[in-house]
Undergrad: 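Next up is a structure, given as structure tokens.
Every chain is numbered from 1, with letters handed out A, B, ... down the list of sequences.
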Amino acid sequence: MSNPETLSLYDTLTRSYKEFPPQDSPARTNPDEPISYYTCGPTVYDSAHIGNFRAYIFEDQVVRALEYLGWKVKQVMNITDVDDKTIKGANPTGADNEPRILRERLDAYTAPYIEAFFADIDKLNIRRAAVYPRATRTIGAMVLLVGRLIEKGFAYRGEDGSWYFPIRQFPGYGWLSGLDLEQVSVGARVDSDEYDKLDARDFVLWKTRRPGEPSWDPTEYDAASPLPPGRPGWHLECSAMSGRHLGETLDMHSGGHDNIFPHHENEIAQSEAANGTTFVRHWLHCGYLLVENQKMSKSLGNFFTLQNLLDRGHEALAVRLLLLSTHYRKPLNFTFDGLRGAEANLKRLREFLRRLEREEASAPVAPDEELGLGGTGAGPLLSKLKDDFAAALRDDLNISKALAAVFELVGTLNRLLDGGGVRREEIAAARKTLLGFDEVLGLRLGENAGKATIEPAWVEERLAARQQARRERDFARADALRDELAAAGVVVEDTPEGPRWHVE
RNA sequence: GGCGGCAUAGCCAAGUGGCUAAGGCAGAGGAUUGCAAAUCCUUCAUUCCCCGGUUCGAGUCCGGGUGCCGCCUCCA
């Protein structure tokens with residue numbers, strides 16, 4: 001393995017391109033040290049939609065690209081399993097009960113959504129992160145974090161016992177989002193439990209227990225904790241979980257553009273106030289997803305989960321290809337036209353790999369090949385394309401350029417193979433190059449997952465009958481046999497060397 | 001109102017001052033085929049939202065518009 005290559009990546013905080021990994025990242029000097037990468041995960045109150053998956057696929061691209069370029073990565077993705085929506089979902093009537101019962105109800109409510117989330121990311125071939133910490137299982141770390149904030153004077157208690165973070169005390173507040181605190185309008189609406197904030201813009205760290213809401217007793221984790229029984233505020237979990245699994249300073253943190261404010265802004269404030277160290281060296285955010293040029297919403301009827309698309313007969317990996325083929329920082333306009341285009345592209349890539357495998361297996365090893373002669377000189381082309389591909393990734397993950405290299409490989413090799421005389425080792429090298437690209441694209445080109453298993457003898461029997469019919473020029477019968485095979489998912493292609501088939 | 005992003009062919013999209021504006025999808029014509037499929041060839045933006053300006057030269061820089069999108073504190 002050659003030395004890892006650095007990338008030029010846009011950084012949200014400085015609004016500029018920066019070299020990644022950052023200079024002060026331990027991964028830069030210690031080859032065994034992984035890049036620490038924290039990603040905001042799902043709130044499990046419902047099935048994730050394709051807008052969520054754009055972010056998760058983008059983050060998967062980041063990991064895959066870094067690994068392709070030679071880096072080790074430790075990715076952590078949180079699962080938010082306690083917030084207002086999950087609480088409401090778990091206990092719609094608001095009936096009060098013991099905290100333990102309410103916590104159990106919450107777990108029972110989120111469990112199927114957690115399961116669905118993992119099933120979906122598997123279908124989309126999103127690699128699993130190293131850890132998926134759950135908020136409800138990390139309460140102790142959150143309690144300790146608030147404890148440190150209290151010690152340092154970065155938290156105050158409201159009248160009802162909830163604790164808040166005083167944003168005015170944190171000098172860097174607003175930096176990430178570029179918001180000027182004085183300009184942020186303080187809404188006229190003041191929530192009933194916000195009356196005792198010192199500043200209406202302060203955010204809650206720990207909410208005191210309300211009837212009907214699951215709660216945790218902080219003294220179970222820290223006997224000296226002044227926090228009342230209650231639950232964590234929205235932002236606290238990410239600061240606590242990232243610290244627990246990746247340390248006080250992260251190489252990279254990413255999420256959707258809409259997480260910048262207030263979520264990530266508040267994470268910075270909490271973590272840096274508590275630890276006195278830089279929280280994140282590099283911030284990365286992906287753009288929004290539109291559907292047919294409109295915001296995705298249930299009322300417009302353009303709201304899609306992955307399952308909705310599968311139900312319409314689309315393929316998860318085509319959805320993946322579509323969602324990754326727009327540069328991560330640009331708005332992505334999801335259309336069914338685009339999805340069909342992605343399906344065509346995916347088919348072309350699969351077809352190309354099949355051709356390489358087929359021709360590699362049948363290519364004779366010519367006498368001059370043993371001498372290293374002959375062939376078409378595909379080698380230099382392949383190394384150029386690999387260079388182009390890697391350079392595209394290093395250029396702020398320029399996926400369009402990377403895909404151009406992939407399709408140049410397809411077009412050029414198809415031409416060479418049509419011309420003949422390609423050496424077996426050249427074909428093998430092309431195949432390996434394509435599969436190498438797919439390590440980043442994640443389209444499972446080299447796998448046959450999900451394909452129907454067909455009994456070859458059954459197919460051969462029909463093919464033989466069809467050939468017989470063709471020889472007799474009984475094309476109606478030949479086409480009927482081909483249709484029968486097609487119905488079973490078998491695609492037949494006639495060639496000068498006879499028919500060949502594959503399962504689709 | 002404040003802050004930020006985007007605008008390139010029917011669709012997706014690269015491009016960050018200089019040869020003929022990448023690549024993909026769709027379309028058209030052709031080779032091949034019994035018909036298909038796959039593949040290949042040809043074709044598909046005198047032009048980059050509009051108006052000015054800078055420059056020998058601008059899609060690329062500057063100014064001004066227009067349009068679309070996001071954020072401006074969770075629980076609304």
Undergrad: To the nearest 0.5 Å, what is the distance between CG on A:Asp438 and OH on A:Tyr68?
TA: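 One finds 11.0 Å between CG of A:Asp438 and OH of A:Tyr68.
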
Undergrad: Would you tell me if any nitrogen or oxygen in the side chain of A:Lys330 comes within less than 4.0 Å of OP1 or OP2 on B:rA14?
TA: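 Yes, because at least one side-chain N or O of A:Lys330 sits under 4.0 Å from OP1 or OP2 of B:rA14.
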
Undergrad: With a 3.5 Å cut-off and just heavy-atom distances, do the side chain of A:Arg329 and the base of B:rC6 make a donor-acceptor pair?
TA: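 Answer no: no donor N or O sits under 3.5 Å from an acceptor.
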
Undergrad: Look through every strand shown and name the nucleotide pairing with B:rU66 as Watson-Crick or G-U wobble, where both distances are under 3.5 Å.
TA: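 The base-pairing partner of B:rU66, which may sit in any strand shown, is B:rA7.
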
Undergrad: With both distances kept under 3.5 Å, what pairs with B:rA45, Watson-Crick or G-U wobble?
TA: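 With both distances under 3.5 Å required, B:rA45 matches none.
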
Undergrad: Base, sugar-phosphate or nothing for A:His327? Non-hydrogen atoms, less than 4.0 Å.
TA: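 Sugar-phosphate, no base atom in range.
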
Undergrad: For B:rA21, give its Watson-Crick or G-U wobble partner with both distances under 3.5 Å, or none.
TA: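 Paired with no nucleotide.
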
Undergrad: Which one, B:rU73, B:rA36, B:rG15, comes nearest to the side chain of A:Ile167?
TA: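 Nearest listed nucleotide: B:rU73.
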
Undergrad: Looking at the base of B:rC25, is there any donor atom on it, or on the side chain of A:Asp337, that sits under 3.5 Å from an acceptor on the other one?
TA: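 No such pair is found, so the answer is no.
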
Undergrad: Applying a 4.0 Å non-hydrogen cut-off, can you work out what A:Thr326 is touching in the nucleic acid: base, sugar-phosphate, or nothing?
TA: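 Since only primed, P, OP1 and OP2 atoms lie under 4.0 Å of A:Thr326, the category is sugar-phosphate.
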
Undergrad: For A:Asp479, answer base if it contacts any base atom (sugar-phosphate contacts may also be present), sugar-phosphate if it contacts only those atoms, and nothing otherwise; contact means non-hydrogen atoms under 4.0 Å.
TA: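 The residue A:Asp479 makes base contact.
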
Undergrad: Just name whichever nucleotide pairs with B:rC74, Watson-Crick or G-U, keeping both distances under 3.5 Å, else none.
TA: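 Paired with no nucleotide.
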
Undergrad: When you get a sec, tell me which of B:rA22, B:rC74, B:rC72 is the closest nucleotide to the side chain of A:Ala404?
TA: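 That would be B:rA22.
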
Undergrad: Under 4.0 Å between any heavy atoms, over every strand shown, what does A:Arg466 touch: base, sugar-phosphate, or nothing? Just pick one.
TA: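 Base contact.
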
Undergrad: With nearest nucleotides of RNA chain B determined for A:Lys88 and A:Phe475 from heavy-atom distances, which residue corresponds to the more 5′ nucleotide?
TA: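 So the residue in question is A:Phe475.
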
Undergrad: Is the number of heavy atoms from other residues, nucleotides or ligands under 6.0 Å of A:His314 NE2 greater than 12?
TA: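 For A:His314, atom NE2 is crowded (more than 12 foreign heavy atoms under 6.0 Å).
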
Undergrad: Should the ring pair A:Phe165 and A:Phe203 be called parallel, tilted or perpendicular, given that the plane angle runs from 0 to 90° and is split at 30 and 60?
TA: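 Aromatic pair A:Phe165/A:Phe203 classed parallel.
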
Undergrad: Mind checking A:Arg355 for me? I need base, sugar-phosphate or nothing, with any heavy atom below 4.0 Å counting as a touch.
TA: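 Here A:Arg355 touches the backbone only, sparing every base.
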
Undergrad: Name the one of A:His264, A:His263, A:His282 that satisfies ring-ring contact (aromatic ring centres under 6.0 Å, His included) with A:His253?
TA: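 Of A:His264, A:His263, A:His282, ring-ring contact (aromatic ring centres under 6.0 Å, His included) with A:His253 is met by A:His264 alone.
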
Undergrad: Angle class for the A:His285/A:Trp283 ring planes (parallel below 30°, perpendicular above 60°, tilted otherwise)?
TA: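 The arrangement is parallel - the two ring planes meet at less than 30°.
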
Undergrad: Name the pairing partner of B:rU60, where a pair is Watson-Crick or G-U wobble with both distances under 3.5 Å, or state none.
TA: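 Because no pair has both required distances under 3.5 Å, B:rU60 counts as unpaired.
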
Undergrad: Base, sugar-phosphate or nothing for A:Val204? Non-hydrogen atoms, less than 4.0 Å.
TA: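 The residue A:Val204 makes base contact.
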
Undergrad: Please tell me which of A:Asn414 and A:Phe407 maps to the more 5' nucleotide of RNA chain B, matching each residue to the nucleotide holding its nearest heavy atom.
TA: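 It is A:Phe407 whose nearest nucleotide is closer to the 5' end.
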
Undergrad: The side chain of A:Asp84 lies closest to which of these nucleotides: B:rG24, B:rC74, B:rA38?
TA: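 So the side chain of A:Asp84 is nearest to B:rC74.
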
Undergrad: Does the ring of A:Tyr10 carry A:Arg329 above it, NZ/CZ under 6.0 angstrom from centre and within 45° of its axis?
TA: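 Yes - A:Arg329 lies over the ring of A:Tyr10, closer than 6.0 Å to its centre and within 45° of its axis.
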
Undergrad: Return the nucleotide paired to B:rA31: Watson-Crick means purine N1 to pyrimidine N3 with N6-O4 or O6-N4, wobble means G-U with N1-O2 and O6-N3, both under 3.5 Å.
TA: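 By the stated definition (distances under 3.5 Å), B:rU39 pairs with B:rA31.
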
Undergrad: Is the distance from OP1 or OP2 of B:rU39 to the nearest side-chain N or O of A:Arg348 less than 4.0 Å?
TA: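 Yes, because at least one side-chain N or O of A:Arg348 sits under 4.0 Å from OP1 or OP2 of B:rU39.
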
Undergrad: So what does A:Arg470 touch, heavy atoms closer than 4.0 Å: a base, only the sugar-phosphate, or nothing?
TA: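 Contact class for A:Arg470: base.
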
Undergrad: Could you tell me whether the phosphate oxygens of B:rG15, OP1 or OP2, come under 4.0 Å of any side-chain nitrogen or oxygen in A:Asn398?
TA: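 So the side chain of A:Asn398 is within the cut-off, an N or O lying under 4.0 Å from OP1 or OP2 of B:rG15.
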
Undergrad: Taking pairing as Watson-Crick or G-U wobble with both contacts under 3.5 Å, can you name the mate of B:rU55, or confirm there isn't one?
TA: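 Across any shown strand, B:rU55 pairs with none.
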
